[in-house]
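Predicted model only: the values in this text are computed from it and were never measured. Each chain gets a letter, A, B and so on, in the order its sequence line appears, and its residues count up from 1.
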There are 2 protein chains.
Amino acid sequence: MQIALTAAVRCAECPIRHRAVCARCDDDELSQLEGMKTYKTFKAGQPILWRGDDLVFVASVVQGVAALSKTLEDGRTQMVGLLLPSDFIGRPGRGQIDFDVTATTDVTLCCFERKPFEKLVDDTPHVAQRLMELALDELDAARDWMLLLGRKTAREKIATFIQMFVRRTHTDEQAAGPDQFNMPMTRDQIANYLGLTLETVSRQFNSLKKEGVISFGDRKTFTVVDMAALHNATGDDADGGMID
Amino acid sequence: MQIALTAAVRCAECPIRHRAVCARCDDDELSQLEGMKTYKTFKAGQPILWRGDDLVFVASVVQGVAALSKTLEDGRTQMVGLLLPSDFIGRPGRGQIDFDVTATTDVTLCCFERKPFEKLVDDTPHVAQRLMELALDELDAARDWMLLLGRKTAREKIATFIQMFVRRTHTDEQAAGPDQFNMPMTRDQIANYLGLTLETVSRQFNSLKKEGVISFGDRKTFTVVDMAALHNATGDDADGGMID
DNA sequence: CAAATTCTTTGATCCAGATCAACCTGATGC
DNA sequence: GCATCAGGTTGATCTGGATCAAAGAATTTG
């Protein structure tokens, strides 16, 4: 889990920091792909990609939240990744994916055809390098999540989730206050991300609220009242394991 | 989780397939690093790297098993990766790691200094590409494990673990029979990998044995008697989600 | 605005797996 | 050979979260 958002620069043509595609949008690599860019939108709940689909497009999330998830034979599912604005779908050399991608909220994607994108990657070493960096970030995040799923209590899972979400969110434009943030996911979706049930998620949220660690007015708007207490509840040690 | 072992070729100089460093050892990229290569061995239980350590070396596992693990403040730990022979430690651009690496059995590593290795990566596009591929394989494996940790029952976890282990192992030289294999990990280590306790691991192993799915003579030697039943017990659907 | 629908909360009960506690078994050393 | 010790098994009990159930909000629809 990374604290710092990458120092990505806003692409001149695009209402989004292309965190994944390009950490230095000012270098204009992506301009080579201008004209091949299309926006697609998906309604909350809609599938974006199914497991096994051919990846015709790669895409940046412009707005909204999407989720990567895996399902067992009998229907139990587990989210294995969250895609927030600036996150990227698609990797060089991978024409298929092994998970479903679903719109968690209404989502806008900025899509590029796979072919020219791969050519760009091949021709531009530092873009390739940047994509490697991002894959490794995802790997780190996945491993943090493995620790959470394997060993944390329900309370610790919720606290970790809130902390992660605030960190990924609170520099964004839509941040309404210091540690206030919008929670665009339902209890059920959060449960799927944390390996819990929705009832347990609800109970733990309310217990953190009762203890004055967080508070929420509107059901979608949270404030972290006591950041230190929240961190304490995560079970992580002091620095939270951040590398960069 | 990948079924197929990569078609890596044995390096002329090295008693190991350099699965990670080089899928085409016959192209001799690694020969550029000859002379910088050192072997290091670690006794079972010994730490290899601590979280936060600077990575002076990158390394291939030649023999034995090592584990990546993460620890909570109060000592609970979770393995977040297994390193079997031919697996690789160290990524281009990452000078530090965010987990501990420990020898699970006695381990031999083939180490290269980080600096010349990174230069090799920079100068050799298809090695860089290969490393990206491997990072993505690890990411896939991590996500499979997230599903396991978050949603599978103890029985399903054990069955999945055995299946994974057989698949990663049974083409190796040391494989004694068709589906017979050596289990170099203790119940405790397996528990740490699966997010269980050692007692539960023991009970589930014995219950699978009682049902005739597996059998074991020596405590370290297992045979999968009924592969179909084993797969059935994993909770995964038919093809197990393999991409390549 | 009422009705329908989708989320959320809250309570009661249950159970898979953790925890606690012996005891067993095989390997290593002296 | 016996002692020690690290791992493994097996049983009894406990408990965190799941499951089942029902009753509130909020939001959407007509």
Side-chain angles (χ1 to χ4, degrees), chain A residues 43-46 65 72 74-78 103-106 148-161 182-211 214-222 233 235, chain B residues 43-46 65 72 74-78 103-106 148-161 182-211 214-222 233 235:
Chain A
K43 287 269 149 215
Q46 229 182 319
V65 181
L72 292 174
D74 65 1
R76 281 170 287 167
T77 85
Q78 173 68 51
T104 297
T105 63
D106 291 358
L148 176 144
L149 291 172
R151 295 299 183 196
K152 287 190 177 181
T153 64
R155 182 188 164 85
E156 289 166 342
K157 286 178 176 183
I158 295 289
T160 306
F161 172 74
N182 256 65
M183 172 50 56
M185 296 168 74
T186 66
R187 302 288 183 259
D188 190 44
Q189 289 164 341
I190 297 171
N192 267 349
Y193 195 30
L194 298 176
L196 296 171
T197 59
L198 66 99
E199 292 95 332
T200 300
V201 170
S202 175
R203 281 186 244 268
Q204 294 298 335
F205 260 110
N206 288 321
S207 125
L208 284 176
K209 180 187 170 188
K210 210 162 297 170
E211 294 169 35
I214 58 173
S215 74
F216 36 108
D218 181 330
R219 186 145 55 211
K220 313 235 114 160
T221 314
F222 287 72
Chain B
K43 288 266 148 214
Q46 230 183 317
V65 181
L72 293 173
D74 65 1
R76 281 169 286 167
T77 86
Q78 173 68 52
T104 297
T105 63
D106 292 359
L148 176 144
L149 292 172
R151 295 299 182 196
K152 287 191 178 181
T153 64
R155 182 189 164 85
E156 288 167 343
K157 286 178 176 182
I158 296 288
T160 306
F161 172 74
N182 256 65
M183 172 49 57
M185 297 168 74
T186 66
R187 301 289 182 259
D188 191 43
Q189 290 164 341
I190 297 171
N192 267 349
Y193 195 30
L194 298 177
L196 296 171
T197 60
L198 66 97
E199 293 94 333
T200 300
V201 170
S202 177
R203 281 186 244 268
Q204 294 297 336
F205 260 110
N206 288 320
S207 124
L208 285 176
K209 180 186 167 190
K210 211 162 296 171
E211 294 170 33
I214 58 172
S215 74
F216 36 107
D218 181 329
R219 185 144 56 212
K220 313 236 113 159
T221 315
F222 286 72

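- Two residues, Thr197(A) and Ser202(B), neighbour DNA chain D, and the one matched to the more 5' nucleotide by heavy-atom proximity is Ser202(B).
- The distance from atom CZ of Phe216(B) to atom P of dT25(C) is 14 Å, rounded to the nearest whole Å.
- Below 30°, between 30° and 60°, or above 60°: for Phe205(A) and Phe216(A) the angle between ring planes is above 60°, a perpendicular geometry.
- Taken from CD1 in Ile158(A) to CD1 in Ile190(A), the straight-line distance is 6.5 Å, to the nearest 0.5 Å.
- Taking atom CD on Gln204(B) and atom P on dA16(C), their separation rounds to 11 Å, with Å as the unit.
- Taking only side-chain nitrogens and oxygens, Asn206(A) never comes nearer than 4.0 Å to OP1 or OP2 of dT8(C).
- Here Leu196(A) lies in heavy-atom contact (under 4.0 Å) with sugar-phosphate atoms only.
- Thr77(B) contributes atom OG1, which lies 3.5 Å from atom CG of Asn192(B) (distance to the nearest 0.5 angstrom).
- Interatomic distance, Ser202(B) OG to Glu199(B) CD, rounded to the nearest 0.5 Å: 8.5 Å.
- Between the side chain of Asp106(A) and the main chain of Ala44(A), a donor-acceptor pair closer than 3.5 Å is present.
- The aromatic rings of Tyr193(A) and Phe161(A) stand perpendicular to each other, their planes meeting at an angle above 60°, with 30° marking the opposite boundary.
- No donor-acceptor distance shorter than 3.5 angstrom exists from the side chain of Arg151(A) to the backbone of Gln78(B), with no hydrogens or angles considered.
- Checking side-chain atoms of Glu211(A) against main-chain N and O of Leu208(A) turns up no donor-acceptor pair under 3.5 Å.
- Distance Glu199(A) CD to dG11(C) P: 14 Å, rounded to the nearest Å.
- Distance Arg76(B) CZ to dA18(C) P: 13 Å, rounded to the nearest Å.
- Lys220(A) places its NZ atom 6 Å from the P atom of dT8(C), with the value rounded to the nearest Å.
- On the nucleic acid side, DNA chain D has its first and last nucleotide under 4.0 Å of a heavy atom of chain B at dG7(D) to dA12(D), going 5' to 3'.
- Using a 4.0 Å cut-off on heavy atoms, the residues of residues 184-192 of chain A that approach DNA chain C are Thr186(A), Arg187(A), listed by number.
- Heavy atoms of Gly195(B) sit under 4.0 angstrom from primed sugar atoms or phosphate atoms, though from no base atom.
- Summarising the geometry, the separation between CZ on Arg203(B) and P on dA18(C) is reported as 9 Å, rounded to the nearest angstrom.
- Looking at which nucleotide of DNA chain C each of Arg151(A) and Lys210(A) is closest to, the 5′-most match is held by Lys210(A).
- Side-chain contact between Arg76(A) and Thr153(B) is present, with at least one heavy-atom pair separated by less than 4.5 Å.
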